[in-house]
Asks: 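There's a structure below that I have some questions on.
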Amino acid sequence: TFIGAGSASAAGCNPDGLKRPDLPAWVNVPAIDTLKTRGNVGEAPTWSGDVNITPEQVKHVCDKKLKAAFLNWSSGAYNQAILQGTKDALDALGIELVAVTNYNFDQAQLATDVRNVLPLKPDIIFYSGVDPTGDRAALQPAVDAGIGIVSFANAPGNWTTGKPSNFITLISYDTQGNGAAVAKEVAKRFPNGAKLGMIYFDANYKIVNEREEGFLNEIKKTNVEVTK
């Protein structure tokens with residue numbers, strides 16, 4: 001965790017830094033209109049690869065000399081990968097990263113982290129949560145301060161782009177499809193059927209619930225039986 005000591009340099013404005021690597025040939029990206037996954041309040045999704053930014057837009061962002069804070073909920077490999085990708089994008093856009101925190105699934109610590117980064121006057125807060133109700137309360141000081149909020153994976157309950165006015169977007173993945181893909185792989189390994197014990201993440205959060213739903217709906221189509 002650090003607060004202060006920003007990471008972006010004045011020479012960090014680099015449109016090429018936003019180029020995404022090509023996906024491996026074995027990755028089959030389904031048509032967006034076939035996905036069951038929806039946004040926080042039922043919005044239709046858009047693949048990240050369909051969202052592009054021009055060099056002129058990059059320069060426009062760089063000229064603003066923005067600052068950002070990244071509030072993480074864990075230091076695991078998944079979180080570190082997202083953090084590193086965020087750093088790369090921020091550097092390409094000339095946005096100074098002024099704080100990185102880890103509240104480690106502790107709702108009270110998230111609220112503290114929000115309050116701690118406010119004096120640094122970030123223009124953007126990147127965050128992912130673990131409780132849809134508690135997250136709204138924790139982020140309210142940032143909302144009141146007019147800071148733009150970008151959520152990855154999970155978003156506060158009932159938030160959608162523009163509601164509240166400074167909530168920018170939810171960046172996530174195909175949670176239903178993710179669960180279904182796991183079920184298909186299990187079925188491949190047990191074509192003649194099997195009994196499966198399922199250990200699940202007992203959390204009332206969209207990303208977790210949808211992933212589980214996608215798995216269970218798909219596994220029902222196979223010879224694998226989920227035991228209770």
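Just so you know, residue 1 is the first one in the sequence shown, and it goes up from there.
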Asks: Phe167: what forms a ring-ring contact (aromatic ring centres under 6.0 Å, His included) with it, not counting sequence neighbours?
Replies: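 ring-ring contact (aromatic ring centres under 6.0 Å, His included) check on Phe167 returns Trp159.
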Asks: List the atom pairs, donor and acceptor, that lie under 3.5 Å between side-chain atoms in residues 67-77 and the rest of the protein, sequence neighbours left out.
Replies:
residue : atom : partner : partner atom : Å
Lys67   : NZ   : Leu120  : O            : 2.7
Asn72   : OD1  : Asn79   : ND2          : 2.9
Trp73   : NE1  : Ser128  : OG           : 3.2
Ser74   : OG   : Gly76   : N            : 3.1

Asks: Would you call Asn178 and Thr37 a side-chain contact if the rule is heavy atoms closer than 4.5 Å?
Replies: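 They are not in contact (no side-chain heavy atoms under 4.5 Å apart), so the answer is no.
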Asks: The criterion is salt bridge (charged side-chain N to carboxylate O under 4.0 Å, His left out); which residues satisfy it with Asp202, sequence neighbours excluded?
Replies: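 Not a single residue meets the salt bridge (charged side-chain N to carboxylate O under 4.0 Å, His left out) criterion with Asp202.
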Asks: For a 4.5 angstrom cut-off between non-hydrogen side-chain atoms, does Leu93 reach Ile53?
Replies: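 Yes - at least one pair of side-chain heavy atoms lies under 4.5 Å apart.
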Asks: When clusters are formed by joining ILVMFWY residues with side-chain heavy atoms under 4.5 Å apart, either directly or through shared neighbours, do Tyr200 and Val226 land in the same one?
Replies: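 In one cluster with Tyr200: Val226, yes.
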Asks: About how many Å separate CG of Asp123 and NZ of Lys64, when rounded to the nearest 0.5 Å?
Replies: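 The CG atom of Asp123 is 9.0 Å from NZ of Lys64, to the nearest 0.5 Å.
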Asks: If we only count heavy atoms from C-beta on, is the Asn166 to Val143 side-chain gap below 4.5 Å?
Replies: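 The answer is yes; the side chains approach within 4.5 Å.
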Asks: Using a 4.5 Å cut-off on heavy atoms from C-beta on, say whether the side chain of Thr112 contacts that of Asp106.
Replies: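 No, side chains not in contact.
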Asks: Would you please name every residue forming a side-chain contact (heavy atoms from CB on, under 4.5 Å) with Pro55, sequence neighbours left out?
Replies: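 Listed in chain order: Pro15.
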Asks: Is the number of heavy atoms from other residues, nucleotides or ligands under 6.0 Å of Asn158 CG greater than 12?
Replies: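 Not more than 12 within 6.0 Å, no.
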Asks: Indicate yes or no: at least one non-hydrogen side-chain atom of Ile147 is less than 4.5 angstrom from one of Pro122.
Replies: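 Side-chain contact under 4.5 Å: yes.
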Asks: With a 4.5 Å heavy-atom cut-off, do Asn104 and Gln109 have their side chains touching?
Replies: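 With C-beta onward as the side chain, the pair stays apart.
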Asks: Nearest 0.5 Å please: distance from the CG atom of Asn40 over to the CG atom of Leu170.
Replies: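 Answer for the CG-CG pair, Asn40 versus Leu170, is 6.0 Å.
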Asks: side-chain contact (heavy atoms from CB on, under 4.5 Å) with Arg38: which residues, sequence neighbours excluded?
Replies: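 With sequence neighbours excluded, Arg38 shows a side-chain contact (heavy atoms from CB on, under 4.5 Å) to Pro45, given in chain and number order.
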Asks: Of all residues at least two apart in sequence or in a different chain, which pass the salt bridge (charged side-chain N to carboxylate O under 4.0 Å, His left out) check with Asp63?
Replies: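 Checked Asp63 against salt bridge (charged side-chain N to carboxylate O under 4.0 Å, His left out); matches are Lys59.
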Asks: Using the side-chain contact (heavy atoms from CB on, under 4.5 Å) rule, take Asn116 and Thr101 through it: C-alpha gap first, then chi angles, then the decisive distance, then the call.
Replies: CA-CA 10 Å; Asn116 284 344; Thr101 69; over 6 Å; no
Asks: Around atom CG of Asp16, are there more than 12 heavy atoms from other residues, nucleotides or ligands closer than 6.0 Å?
Replies: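 Yes, because the 6.0 Å sphere around CG of Asp16 holds more than 12 heavy atoms from other groups.
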Asks: Does Ile82 belong to the same Ile/Leu/Val/Met/Phe/Trp/Tyr cluster as Val208, with side-chain heavy atoms less than 4.5 Å apart forming each link?
Replies: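 Yes, Ile82 connects to Val208 through the hydrophobic network.
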Asks: What's the spacing between Glu213 CD and Lys206 NZ if we round to 0.5 Å?
Replies: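 Here the rounded value is 10.0 Å.
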Asks: Using a 3.5 Å distance criterion without hydrogens, assess whether the side chain of Thr160 forms a donor-acceptor pair with backbone atoms of Lys163.
Replies: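 No: the side chain of Thr160 does not pair with the backbone of Lys163.
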Asks: I want to check something: taking the side chain as every heavy atom from C-beta on, are Asn192 and Phe190 in contact at a cut-off of under 4.5 Å?
Replies: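 Answer no - side chains too far apart.
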Asks: Going only through I, L, V, M, F, W and Y residues with side-chain contacts under 4.5 Å, is there a path from Phe201 to Ile219?
Replies: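 Hydrophobic grouping puts Phe201 apart from Ile219.
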Asks: Hey, does Met198 have a side-chain heavy atom less than 4.5 Å from the side chain of Glu212?
Replies: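 Counting from C-beta outward, Glu212 and Met198 do come under 4.5 Å.
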Asks: Measure from the side-chain N and O atoms of Gln176 to the backbone N and O of Asp174, and report whether any donor-acceptor pair falls under 3.5 Å.
Replies: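 Side chain of Gln176 to backbone of Asp174: no pair is present.
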Asks: Does a sphere of radius 6.0 Å around OH in Tyr78 hold more than 12 heavy atoms from other residues, nucleotides or ligands, not counting ones at 6.0 Å or beyond?
Replies: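 Yes.
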Asks: Does anything in residues 12-62 form a ring pair (Phe, Tyr, Trp, His ring centres under 6.0 Å)? List the pairs, not counting sequence neighbours.
Replies: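 Sorted result for residues 12-62: empty, none.
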Asks: Let me check something: do Ile171 and Leu83 share a hydrophobic cluster, defined by ILVMFWY side-chain heavy atoms less than 4.5 Å apart, either directly or through other members?
Replies: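 Result: yes, single cluster for both.
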Asks: In chain order, what residues pass the side-chain contact (heavy atoms from CB on, under 4.5 Å) check against Lys184, with sequence neighbours excluded?
Replies: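 With sequence neighbours excluded, Lys184 shows a side-chain contact (heavy atoms from CB on, under 4.5 Å) to Glu218, given in chain and number order.
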Asks: Which residues satisfy the salt bridge (charged side-chain N to carboxylate O under 4.0 Å, His left out) test with Glu185, sequence neighbours excluded?
Replies: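 So Glu185 forms a salt bridge (charged side-chain N to carboxylate O under 4.0 Å, His left out) with Lys188, Arg189.
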Asks: How would you list, by chain and number, every residue that makes a side-chain contact (heavy atoms from CB on, under 4.5 Å) with Ile168, sequence neighbours excluded?
Replies: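 Partners of Ile168 under the side-chain contact (heavy atoms from CB on, under 4.5 Å) test: Val150.
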Asks: Scan residues 131-141 for pairs that pass side-chain hydrogen bond (donor to acceptor under 3.5 Å, both in side chains), counting only residues two or more places apart or in two chains.
Replies: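 Found Gln107-Asp135, Tyr127-Asp135, Asp135-Tyr205, Gln140-Asp144.
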Asks: List for me each residue that meets salt bridge (charged side-chain N to carboxylate O under 4.0 Å, His left out) alongside Lys195, sequence neighbours excluded, and say none if there are none.
Replies: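 Lys195 satisfies salt bridge (charged side-chain N to carboxylate O under 4.0 Å, His left out) with no other residue.
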